[in-house]
A.B. asks: 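The structure that follows is given in the form of structure tokens.
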Amino acid sequence: MVEPHPEGETLREIAARHNRSYDTLSNQWSQHPSWPDPIGKRGRAYIYDSTAVDAVIAAHFDRPAAPLEPRRLYTAKEIEALTGITAATIRADRSKGRWPAPDDDSGRAHRWYGATVAKAVKGRRGYHRQRAEASGSARLPTPTHRDPE
């Protein structure tokens, strides 16, 4: 993680420091009611207090990793309880090739090892900066009222 700028930072700097896309910060996070007001401007970009931004991100956007044991088998319902991804979403994602096949399907319920689930959950987080850039898709600039960089 990049160190915050001492006089505040722009949305682009916040995005780089938190390893998220600028669009995620501009269109989603900065629209949250708890997002701090700008403390000034640097050029055309608004700057925000790093400490206040970090507090909002920690309270509303950070998702801690689910406490999964790598070698334990979990059912879809157990995965739902631990990660918040519903069993219906797991079924739908399996049918679309976005969720791995079960590690054990010998009983009535399909089960996955914790390591498999952790890898699948990490891969789902499409708002990660690397994933968006790695796709190579051209993205049009999105107008925003908060940070017109």
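The figures that follow rest on heavy atoms only: side chains count, while hydrogens, waters and symmetry mates do not.
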A.B. asks: Return the set of residues passing salt bridge (charged side-chain N to carboxylate O under 4.0 Å, His left out) with Asp104 (not counting sequence neighbours), or none when no residue passes.
C.D. replies: Arg111
A.B. asks: Mind checking what makes side-chain contact (heavy atoms from CB on, under 4.5 Å) contact with Pro70, not counting sequence neighbours?
C.D. replies: Ala115
A.B. asks: Going by side chain to side chain donor-acceptor pair (under 3.5 Å), name the residues that satisfy it together with Asp105, two or more places apart in sequence or in a different chain.
C.D. replies: none
A.B. asks: Only counting residues at least two apart or in another chain, list the ones meeting side chain to side chain donor-acceptor pair (under 3.5 Å) with Ser95.
C.D. replies: none
A.B. asks: For His18 and Asp54, which I'm curious about, is there any donor-acceptor pair between the side chains at under 3.5 Å?
C.D. replies: yes
A.B. asks: Show your reasoning for whether ring-ring contact (aromatic ring centres under 6.0 Å, His included) applies to Phe61 and Trp29.
C.D. replies: CA-CA 8 Å; Phe61 303 108; Trp29 292 13; 4.6 Å; yes
A.B. asks: According to side chain to side chain donor-acceptor pair (under 3.5 Å), who are the partners of Arg91, at least two apart in sequence or on a separate chain?
C.D. replies: none
A.B. asks: Return each pair, listed once, that meets salt bridge (charged side-chain N to carboxylate O under 4.0 Å, His left out) where at least one residue sits in residues 64-76; pairs must be two or more places apart or across chains.
C.D. replies: Arg72-Glu78
A.B. asks: With Thr89, which residues qualify under side chain to side chain donor-acceptor pair (under 3.5 Å), at least two apart?
C.D. replies: Thr86
A.B. asks: Should Tyr113 and Val121 be regarded as members of a common hydrophobic cluster, given that ILVMFWY residues are connected when their side-chain heavy atoms come within less than 4.5 Å of each other, either directly or indirectly?
C.D. replies: no
A.B. asks: Under the salt bridge (charged side-chain N to carboxylate O under 4.0 Å, His left out) rule, collect the residues that match up with Glu80, sequence neighbours excluded.
C.D. replies: Lys77
A.B. asks: Measure the spacing between OG of Ser21 and CZ of Arg12 and express it to the nearest 0.5 Å.
C.D. replies: 10.0 Å
A.B. asks: Taking only residues two or more places apart in sequence, or in another chain, which ones meet Arg94 in a salt bridge (charged side-chain N to carboxylate O under 4.0 Å, His left out)?
C.D. replies: none
